[in-house]
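Residues: numbered from 1 along the sequence shown.
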Amino acid sequence: MSHDRKSPLIGQMMSDPLLISGIIQHADRHFGGNEIVSREADGSLHRYNYRDCHRRARQMAHVIKHLQVEMGDRVATLAWNDFRHLELYYAVSGSGAVVHTINPRLHVDQIAYIVNHAEDKCLFFDPAFLPLVEAVVDRCPTVKAFIALSSRERMPVSTVIPDLLCYEELISSASDAYRWPVFDENAASGLCYTSGTTGNPKGVLYSHRSTVLHSYASAMRDGLDVSAREVVMPVVPMFHVNAWGLPYSALMTGAKLVLPGAGLDGKSLYDLFESEGVTFSAGVPTIWLGLLGYVEQNKLRFSTFKRTVIGGAACPPSMMKAFRHEHGVEVVHGWGMTEMSPLGTTGTLQNHHLNLPSEAQDAILQKQGNAIFGVDLKIVDDHGQELPWDGKTYGNLLVKGSWIVESYFKNEGGSILDNGWFPTGDVATITHDGYMQITDRSKDVIKSGGEWIGTVELENIAMDHPAVQQAACIGVAHPKWDERPLLLVVKRPGAAVSKDELIGFYAGKVAKWWVPDDVCFVESLPIGATGKVLKNRLREQFKDFRSSAT
Ligand code: ADP
């Protein structure tokens, strides 16, 4: 065969499209008997296997077709992590429509906005969210069918929602003879809106290709390390950023999957870890705070739990130490965002770190880590000049790669890339060997006398104090310095600590001018829909606070 010297020689391999339906077909054929366990609303456990899940997903694909959902139409879900939600992930995307997961913790006005913006055709919801659906039903003219994720016996009664349908009834009347269509791997598969702390939420429209590639990446040893030997429990919600890809990578690899439903308190999670032999789980720091609190108060041990990925917000060093040194649970710090499907980096040790003392290893693991292959990173200054990877210089963090957003749904916000790179809105450093560390979100950085103060480090130090349960640091206005750091602290139950003691706790740990000027003790911190502290709310609340710095 001859070829033009200037054009590449094309490989002669099959080009089967990367489709989400391929994942569930693989799970059925190769791991059909492997278990999926879900906690139901009454606390009981529902058990079935991948084969059953595939059969019901095929039945659901018929149902969706019957509901007049066409290729590319959006189908909304408002649901916890459970088996029905999992079936919808596959039935909707597999049949060529787009699964639009909605975060039930958003304000009802935002939910109504999102449903309309997405032009959702159907809305599947957990009965627990009935009041939420009733509150928006009149404002969602595009939605032609409302389906409760329920059996007939447990169907909620609603006088407001017209012709409310029952998931189990629909499934039981549908055939399981369904052939997954084959189409372009770049077709849209899922839609997730950012939480929109400023302005309206924006939609990130994932494709089959981006989702399958992200799933391969998340399964890697230095990713989430998912395999057929693991029992995986995504505590991160399926209603926000695809539960970090676990509903795909678990089925891709054959791991046993445990879905915690609505029970996210320390006791419910601990019981499930133990009864199902969970080996791996992923969650945000606020959820793990509850789990660790419960385990410590009741002097419990984990018998099978050996590894967790913590992300969504910086993992406090005290939490990492508690998991690693008190409970023998390996912690992997993960960083990403809705716009990145979400995984970008994971913090794991490299070969040459293995003989380092434990404290030095802790310091490495505290960073957000190396980019996963498929994602590239860089830091730049305010003029777009790339900054050195020396572990000290911080700059705006930009990313590019195969599962990173190119533009928002319906082109909201116009062109968002900067010379082909996506600006994350985070500020970070990168070491010579590629370990990225988030200093702050650019909108949370404190600007004091023309210099930047990173709040993450100040919060981490406070949370290392034994009397501190949670801490948040914000900038408050100052006539001379523009802004100065104010530390807000939630004390551990029964613990005592004074403002001066906490301020003294920073001595020798950061530059003097970084030390917070003041500390306010609060009952709790406002937490947003994705489990993060709402700093804009705190800034508003403390806007009249006057710093004591001179
Ligand atoms: P949204 O709240 O808009 O939905 P995401 O849930 O996508 O946003 O969160 C993305 C942001 O969360 C990142 O830009 C970063 O600021 C923060 N974040 C995520 N993981 C980490 C981490 N491990 N350490 C520090 N910050 C993190």
Side-chain angles (χ1 to χ4, degrees), residues 216-232 244 249 253 255 273 278-283 285 288 291-292 295-296 301-311 313-336 343-379 387-394 397 428-439 454 456-457 459-461 463-466 508-510:
Y216 275 119
S218 85
M220 286 202 298
R221 177 71 179 89
D222 281 335
L224 304 191
D225 189 13
V226 188
S227 77
R229 288 159 301 288
E230 302 297 327
V231 180
V232 171
W244 298 358
S249 52
T253 59
F273 271 108
V278 172
T279 58
F280 169 77
S281 187
W288 285 164
L291 176 70
L292 281 176
V295 168
E296 278 157 20
R301 307 296 303 166
F302 294 109
S303 41
T304 54
F305 187 23
K306 62 177 197 303
R307 191 165 189 268
T308 177
V309 170
I310 301 184
C315 170
S318 50
M319 177 174 287
M320 190 172 284
K321 279 183 210 145
F323 270 124
R324 255 166 75 73
H325 302 305
E326 284 159 38
H327 295 286
V329 176
E330 187 190 343
V331 173
V332 176
H333 205 176
W335 169 83
L343 288 176
T345 66
T346 49
T348 52
L349 298 177
Q350 297 177 16
N351 196 37
H352 57 277
H353 298 136
L354 297 182
N355 293 325
L356 289 177
S358 170
E359 277 203 358
Q361 291 186 344
D362 283 349
I364 294 165
L365 293 172
Q366 194 54 53
K367 297 181 191 291
Q368 280 74 4
N370 295 108
I372 300 175
F373 176 70
V375 172
D376 198 5
L377 307 173
K378 68 174 178 179
I379 43 174
L387 295 168
W389 291 21
D390 58 11
K392 295 195 293 281
T393 310
Y394 50 83
L397 180 64
T429 58
I430 305 179
T431 61
H432 68 94
D433 49 358
Y435 283 84
M436 186 276 286
Q437 182 158 28
I438 300 282
T439 321
V456 173
E457 192 173 346
E459 289 158 3
N460 283 346
I461 292 173
M463 279 190 270
D464 248 355
H465 191 284
K509 294 179 178 134
V510 286

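- His333 pairs by the ring-ring contact (aromatic ring centres under 6.0 Å, His included) definition with nothing, not counting sequence neighbours.
- Not counting sequence neighbours, the partners of Arg221 by the salt bridge (Lys or Arg N to Asp or Glu O under 4.0 Å) test are Asp225.
- In terms of heavy-atom proximity, Leu365 sits nearest to Gly347 at CD2-O, 3.6 Å.
- For Glu330, the salt bridge (Lys or Arg N to Asp or Glu O under 4.0 Å) criterion is met by Arg307, not counting sequence neighbours.
- A pairwise comparison of heavy atoms in Ala255 and Ser227 identifies CB-O, 3.2 Å as the closest pair.
- Residues Glu457 and Thr439 fail the side-chain proximity criterion, which asks for heavy atoms closer than 4.5 Å.
- Side chain of Ser249 to main chain of Ser218: no donor-acceptor pair is present (N/O by atom type, distance under 3.5 Å, no hydrogens or angles).
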- Please test Glu230 against Thr279 for side-chain hydrogen bond (donor to acceptor under 3.5 Å, both in side chains), starting from the C-alpha separation and ending with a verdict. CA-CA 6 Å; Glu230 302 297 327; Thr279 58; 2.7 Å; yes

- Decide side chain to side chain contact (heavy atoms under 4.5 Å, CB included) for Thr345 and Val375; before the verdict, give the C-alpha distance in whole Å, the side-chain angles of both, and the deciding distance to 0.1 Å. CA-CA 8 Å; Thr345 66; Val375 172; over 6 Å; no

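- Side-chain contact check for Phe302 versus Leu291: some heavy-atom pair is nearer than 4.5 Å.
- Contact check for Thr393 versus Thr429: no side-chain heavy atoms found under the 4.5 Å cut-off.
- With hydrogens and angles ignored, the 3.5 Å screen pairs no side-chain donor or acceptor of Gln437 with any backbone N or O of Ala428.
- With contacts defined as side-chain heavy-atom distances shorter than 4.5 Å, the pair Met463/Met319 does not qualify.
- Take Lys321 and apply the salt bridge (Lys or Arg N to Asp or Glu O under 4.0 Å) test, not counting sequence neighbours, and it matches Asp464.
- Note on ring orientation: taking the six-membered ring where Trp is involved, the planes of His353 and Tyr435 are perpendicular (angle over 60°, cut-offs 30° and 60°).
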- Task: Take Ser281 and Thr308 through the side-chain hydrogen bond (donor to acceptor under 3.5 Å, both in side chains) test and state the conclusion after the steps.
- Result: CA-CA 5 Å; Ser281 187; Thr308 177; 5.3 Å; no

- Task: I would like to know whether Trp288 and Ile310 meet side chain to side chain contact (heavy atoms under 4.5 Å, CB included); could you show each step before the answer?
- Result: CA-CA 9 Å; Trp288 285 164; Ile310 301 184; 3.3 Å; yes

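- Partner of Phe280 under the side-chain contact (heavy atoms from CB on, under 4.5 Å) criterion, chosen from Val332, Val309, Val231: Val309.
- The shortest distance between side-chain heavy atoms of Thr431 and Asp390 does not fall below 4.5 Å.
- Distance SG/Cys315 to CG/Asn460: 8.0 Å, rounded to 0.5 Å.
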- Query: Taking it one step at a time, do Lys306 and Val329 satisfy side chain to side chain contact (heavy atoms under 4.5 Å, CB included)?
  - Reply: CA-CA 5 Å; Lys306 62 177 197 303; Val329 176; 6.0 Å; no

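- You'll find the side chain of Gln366 stays beyond 4.5 Å of the side chain of Ile364, heavy atoms only.
- The salt bridge (Lys or Arg N to Asp or Glu O under 4.0 Å) test applied to Arg324 returns Asp362, not counting sequence neighbours.
- No side-chain heavy atom of Asp222 sits under 4.5 Å from any side-chain heavy atom of Ile372.
- Within the 4.5 Å cutoff, the side chain of Leu397 has heavy atoms near those of the Trp335 side chain.
- The distance from atom CD of Gln350 to atom CG of Leu354, rounded to the nearest 0.5 Å, is 9.5 Å.
- The two residues Trp244 and Ala282 come nearest to each other via the heavy atoms CE3-CB, 3.6 Å.
- In this structure, CE in Met436 is found 10.0 Å from CD1 in Ile379, a value given to the nearest 0.5 Å.
- Scanning for side-chain contact (heavy atoms from CB on, under 4.5 Å) contacts around His432 gives an empty result, with sequence neighbours left out.
- Separating the NZ atom in Lys378 from the CG atom in Leu387 is a distance of 10.0 Å, to the nearest 0.5 Å.
- The two residues Asp433 and Asn370 come nearest to each other via the heavy atoms O-ND2, 3.0 Å.
- The CG atom of Leu377 lies 11.0 Å from the CD atom of Gln368; values are rounded to the nearest 0.5 Å.
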